Amino acid sequence: MDTPLNPDPEALYRRQFLKYIGAGSAVAAGGALASCTTNAATGRSQFTAFAPSEASLANAAAQSWTEVKRQTPTTNDPRYMGRLRNIGSRISQGAGRADKPWDYAVFDSDTKNAFVLPGNRVGFYKGMMDFTDNDDQIAAIMGHEVGHVAGAHARERYSQMMLGQLAIAGGTILAGSQLQKRCKQATTRREYNDCMQSAGRNTQYLQAALGMGFQLGVVLPYGRRQELESDRLGVRYMAKSGYDPYQAVRLWEKMGAESPSRGPEFLSTHPTPERRAQELSDYITAQQKLGSQGYRTLDIPEDA
């Protein structure tokens with residue numbers, strides 16, 4: 001779910017995952033696939049040119065998974081683990097992914113969060129399970145996490161990050177060289193040195209501006225779109241697994257009431273809980289009117 005109620009665990013496992021996958025960047029570059037592929041679950045084209053192979057991603061995720069479990073104790077309490085495995089099993093069947101091995105963990109912490117890593121590793125915190133009112137709401141979170149897996153969002157994020165770094169580096173180098181060329185017109189050593197220092201500062205400012213522009217214009221909007229996509233995939237899997245999809249709406253309404261003050265949405269990787277609740281309610285209502293033909297499209301809004 002990557003819920004925004006407490007972002008620290010999310011930041012932890014993402015940093016660790018990127019650290020491990022970054023260590024194998026040479027392998028990733030060598031194993032890059034075609035620039036765009038069509039995702040079977042979402043039906044949309046995805047940019048995955050820089051994505052490592054599934055094996056490389058799974059290996060990096062396994063190391064991150066081990067590290068997160070080392071830092072935060074897990075529980076084997078059947079009231080949590082048995083419940084999570086049962087719900088996970090039903091959702092994976094509804095997602096058509098029951099043939100895949102799944103690894104679940106419940107972290108012994110009051111944090112209200114859940115996450116997924118490549119290789120079908122799903123982590124819930126006790127605080128998140130205690131926060132829910134029923135199994136259907138846990139299924140909403142589980143469906144959302146499976147949606148991230150089915151949507152290949154980790155591979156997409158990695159490719160996007162690599163492309164952005166290359167674009168920013170290329171733009172900075174090009175602009176920096178142009179700024180430095182002007183210094184050749186200097187008539188004294190001091191004038192030349194002052195010009196070069198100014199060019200260096202302006203290049204740094206430009207690099208920062210490009211990075212901020214990429215973050216606000218690409219990374220954050222794309223992250224919000226992935227979250228909405230996973231929300232819709234999640235309720236699709238809930239419906240196919242016999243859970244009440246509207247409980248996903250109730251869950252997000254509850255989350256919005258739990259944490260009413262937050263920053264503007266455009267500065268976040270996640271849509272606001274209120275928006276997610278409303279969009280899910282509209283989506284579920286529209287899909288249920290279609291009967292057996294429902295839940296075949298995701299209809300992600302363009303302004304996600």
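Starting from 1, each residue takes its place in the sequence as its number. These numbers were taken from a predicted model, which means no experiment stands behind them. The figures that follow rest on heavy atoms only: side chains count, while hydrogens, waters and symmetry mates do not.
Shown here are the side chain to side chain donor-acceptor pair (under 3.5 Å) partners of Asn86, two or more places apart in sequence or in another chain: there are none. Scored by the side chain to side chain donor-acceptor pair (under 3.5 Å) test, Thr38 finds no partners at all (sequence neighbours excluded). Listed by chain and number, the residues in a side chain to side chain donor-acceptor pair (under 3.5 Å) with Arg85 amount to none (sequence neighbours excluded). Applying the ring-ring contact (aromatic ring centres under 6.0 Å, His included) criterion to Phe107, with sequence neighbours excluded, gives Phe115, Tyr125. Residues passing the salt bridge (Lys or Arg N to Asp or Glu O under 4.0 Å) test with Lys240: none are found, sequence neighbours excluded.
When hydrophobic clusters are built by joining Ile, Leu, Val, Met, Phe, Trp and Tyr residues whose side-chain heavy atoms come closer than 4.5 Å, directly or via intermediates, Phe47 is grouped together with Leu166. Hydrophobic clustering (side-chain heavy atoms under 4.5 Å, transitive across Ile, Leu, Val, Met, Phe, Trp, Tyr) keeps Leu179 apart from Leu206. Grouping the Ile, Leu, Val, Met, Phe, Trp and Tyr side chains by contacts below 4.5 angstrom, directly or via other members, places Met212 with Leu220.
Between the side chains of Glu67 and Gln63, not a single donor N or O lies within less than 3.5 Å of an accepting N or O. Side chains of Ser230 and His144: a donor-acceptor N/O pair is absent below 3.5 angstrom, by distance only.
Classification of Arg157 and Glu227 as a salt-bridged pair holds, one side-chain N sitting under 4.0 Å from a carboxylate O. Under a 4.0 Å N-O distance rule, the pair Asp77/Lys126 does not qualify as a salt bridge. Salt bridge annotation for Arg44-Glu156: present, with a cationic side-chain nitrogen under 4.0 angstrom from a carboxylate oxygen.
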Atom pairs and distances, side-chain donor-acceptor, residues 192-200, under 3.5 Å, sequence neighbours left out:
from	atom 1	to	atom 2	distance (Å)
Asn193	ND2	Arg189	O	3.4

task = Start with the C-alpha distance between Tyr80 and Asp108, add both sets of side-chain angles, then the distance that settles side chain to side chain contact (heavy atoms under 4.5 Å, CB included), and finish with yes or no.
result = CA-CA 10 Å; Tyr80 290 94; Asp108 194 3; over 6 Å; no
request  = Starting from the C-alpha separation in whole Å, work towards a yes-or-no answer on side chain to side chain contact (heavy atoms under 4.5 Å, CB included) for Thr42 and Glu229.
outcome  = CA-CA 8 Å; Thr42 65; Glu229 188 170 81; 3.4 Å; yes
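A 6.0 Å sphere centred on NZ of Lys69 holds more than 12 heavy atoms belonging to other residues, nucleotides or ligands. The environment of Asp110 atom CG is sparse: at most 12 non-hydrogen atoms of other residues, nucleotides or ligands sit within 6.0 angstrom.
Using the six-membered ring where Trp is involved, Tyr104 and Trp102 have ring planes that are parallel, under 30° apart on the 30 and 60° scheme.
Test Asp244, Leu280, Thr285, Asp282 against Val249 for side-chain contact (heavy atoms from CB on, under 4.5 Å) and you get one pass: Leu280.
Here the side chain of Gln287 pairs a donor or acceptor atom with the backbone of Tyr295 at under 3.5 angstrom. Side-chain N or O atoms of Thr48 include none that pairs as donor or acceptor with a backbone N or O of Arg155 at under 3.5 Å.
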